[in-house]
2 protein chains.
Amino acid sequence: MNIGDVATRSGLPAKTIRYYEEIGLIKPARDANGYRAFAEADLHRLAFLARARALGFTIEDCRTLLDLYNDPDRASADVKHVAEEHLARIDDKIAQLRGMRDTLADLVQACHGDARPDCPILKDLGAGA
Amino acid sequence: MNIGDVATRSGLPAKTIRYYEEIGLIKPARDANGYRAFAEADLHRLAFLARARALGFTIEDCRTLLDLYNDPDRASADVKHVAEEHLARIDDKIAQLRGMRDTLADLVQACHGDARPDCPILKDLGAGA
DNA sequence: GCTTGACCTTCCAGTGACGGGAAGGCCTAT
DNA sequence: ATAGGCCTTCCCGTCACTGGAAGGTCAAGC
């Protein structure tokens, strides 16, 4: 399989696949002409990465998870630990965004949004001085 | 005021303040020795920026908002428009994170987290092949 | 055999919004 | 004179890619 086929089948851009090789997440073989020659196992790893990235895991998390995935003697506790930390980061992020969202929604609500210059949004932003 | 005082009073790191000058958000005067000499108006702009950034506005949004803030002939509709677009971006982000969070929470819930290798998290991630 | 076009390769630069750290100048107090 | 705490600029690193240039390869059609 060339990179184009793998890109199609994994849903990842070719650029991203090359990047993953560069940082050592995959190590596809090479044909005589220098083209990358992907095996099914490479595709499997890429599918794993695509799924993990879609869940928001960092690249370093992905590296750890792939190692655990390929270690038959892993402890599920190690996997769970990585996932729980990530979950906590996501919860923090959501809470932060919700805070912003609520404030913003109030301000937008209060703004007439017409041709006049009076604006509670700007008033709020400039209130610190 | 030197940059250290302004950093303390605005809550922004000195590095950030220098960066804001570099990208043209503020234009503090200079003393004869080359030190930045901040006026109250500069501090006011920085407080505005700190507040806008805390609400998640991008730097480019901040530039626009500052321009509107300093334009007595602005239309509040323009401000509201910027804020509404930002609000929509935040809502998208929250929805995306909530999707991740729900899936992750299910997986974490299902994982025993003990010394055994069986792990629904890894099973899910590897399920694509 | 030649051209065309779709592949593939590497390398370099840019993204957003800073942060770290080096090398060096300035200012105040002792 | 020296110490230390400011300040300056400059350059590199972050994260996970993305875009684009310059050039090699391959299969199809004429």
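Throughout, protein chains are lettered first and strands after them, A, B, ... in sequence-line order, and every chain is numbered starting at 1.
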Distance test, side-chain N/O of Arg36(A) to OP1/OP2 of dC8(C), below 4.0 Å: no
query: Where the side chain of Tyr19(A) is defined as all heavy atoms beyond and including C-beta, which of dC17(D), dG20(C), dT10(C) is the nearest nucleotide?
result: dC17(D)
task: Please work out if Ile3(A) contacts a base, only the sugar-phosphate, or nothing of the nucleic acid, heavy-atom cut-off 4.0 Å.
output: sugar-phosphate
- prompt: When the distance from CG of Leu49(B) to C1' of dC18(C) is rounded to whole Å, what number comes out?
  reply: 14 Å
message: In the structure I gave you, are the side-chain heavy atoms of Phe57(B) and Val82(B) within less than 4.5 Å of one another anywhere?
response: yes
task: Check every atom of dA17(C), dT10(C), dT9(D) against the side chain of Ile59(B) and return the nucleotide holding the closest atom.
output: dA17(C)
message: Salt bridge check, Glu21(B) against Arg36(B): does any charged N sit closer than 4.0 Å to a carboxylate O?
response: yes
message: Donor-acceptor check, side chain of Asp5(B) to backbone of Asn2(B), threshold 3.5 angstrom: yes or no?
response: yes
message: If I take atom CG in residue Leu25(B) and atom P in nucleotide dG16(C), what distance separates them, rounded to the nearest angstrom?
response: 13 Å
- request: In plain terms, say whether Glu84(B) and Arg89(B) are close enough for a salt bridge, that is, a side-chain N and a carboxylate O under 4.0 Å apart.
  value: no
- prompt: Closer to the 5' end of DNA chain D via nearest nucleotide, is it Asn33(A) or Pro13(A)?
  reply: Pro13(A)
- request: Specify the closest pair of heavy atoms between Cys119(B) and Val79(A), including all atoms of both residues, with the distance to one decimal.
  value: SG-CG1, 3.5 Å
query: At their closest point, which heavy atom of Ile90(A) faces which heavy atom of Leu97(B), and how far apart are they?
result: CG2-O, 3.8 Å
- prompt: Which comes earlier along DNA chain D counting from the 5' end, the contact point of Glu60(A) or that of Glu21(B), where each point is its nearest nucleotide?
  reply: Glu21(B)
- prompt: Between Arg53(B) and Tyr35(B), who's closer to the 5' end of DNA chain C by nearest nucleotide?
  reply: Arg53(B)
- prompt: Atom CD1 of Ile23(B) to atom P of dT15(C): distance rounded to whole Å?
  reply: 12 Å
- request: Return the orientation label for the Tyr69(A) and His44(A) ring planes: parallel under 30°, perpendicular over 60°, tilted otherwise.
  value: perpendicular
query: Between Arg30(A) and dT25(D), is there a side-chain N or O to OP1/OP2 distance below 4.0 Å?
result: no
- request: Establish, with yes or no, whether the OP1 or OP2 oxygen of dA16(D) is under 4.0 angstrom from a side-chain nitrogen or oxygen of Thr16(A).
  value: no
- request: Establish, with yes or no, whether the OP1 or OP2 oxygen of dT9(C) is under 4.0 angstrom from a side-chain nitrogen or oxygen of Arg18(A).
  value: yes
query: Just how far, in rounded Å, is P of dG25(C) from CG of Asp31(B)?
result: 19 Å
query: Taking atom P of dC15(D) as reference, at what distance in whole Å does atom CZ of Arg89(A) sit?
result: 12 Å
- request: Using whole Å, report how far CD1 of Ile17(B) lies from P of dC18(C).
  value: 11 Å
message: Does either side chain, that of Ser76(B) or that of Asp114(A), offer a donor lying less than 3.5 Å from an acceptor on the other one?
response: yes
task: Starting at atom CD of Glu22(A), determine the distance to atom P of dT10(C), rounded to an integer number of angstrom.
output: 10 Å
message: Distance check needed: dC18(C) C1' versus Ile26(B) CD1, whole Å only.
response: 14 Å
query: Between the two ends of the helix from dG1(C)-dC30(D) to dT30(C)-dA1(D), what is the bend in degrees, rounded to 10 degrees, where each end axis spans five pairs?
result: 30°
task: Output yes when at least one side-chain N/O atom of Tyr20(A) is less than 4.0 Å from OP1 or OP2 of dA16(D), else no.
output: no
